[in-house]
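Handing you this structure, nothing more for now.
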Amino acid sequence: TITSASTDHAFAFTGGAGNDTVTLTGAMKSGTNALGAAIANTISLGAGDDSVVYASGGSIAAGSSVDGGDGTDTISARL
């Protein structure tokens, strides 16, 4: 679970070969943060049957990257 209120600080999540679930509770965005610093947010799920879901307030904005990898993957998010 990615729990920050927003992702103004950049992050990268890399899953393994198992079945991973990433739950977004904040806005996953890329570009420039409030301080003018460049940020990029990425999720690489790896092999397996993986899920990216959003909770209340979660979203995936333009410029962010989600790679499902091998397997059957599900992405449920506000874009």
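Hydrogens, waters and symmetry mates are skipped; everything else that's a heavy atom, side chains included, is used. All values reported here derive from a predicted model rather than from experimental measurement. Along the sequence shown, residues carry numbers from 1.
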Without swapping roles, check the side chain of Asn19 against the backbone of Asp49 for a donor-acceptor pair under 3.5 Å.
-> yes
Could you state the interatomic distance from CG (Leu24) to CD1 (Ile43), rounded to the nearest 0.5 Å?
-> 5.0 Å
Can you name the nearest heavy-atom pair linking Ser30 to Ala40, along with the distance?
-> OG-CA, 3.4 Å
For residues 65-74, run the donor-acceptor check on the side chains, cut-off 3.5 Å, and write out each pair with its distance to 0.1 Å, sequence neighbours left out.
{"from": "Asp67", "atom 1": "OD1", "to": "Gly69", "atom 2": "N", "distance (Å)": "3.0"}
{"from": "Asp73", "atom 1": "OD1", "to": "Asp50", "atom 2": "N", "distance (Å)": "3.1"}

On a heavy-atom basis, the closest approach of Leu45 and Asp20 is O-OD2, 3.0 Å
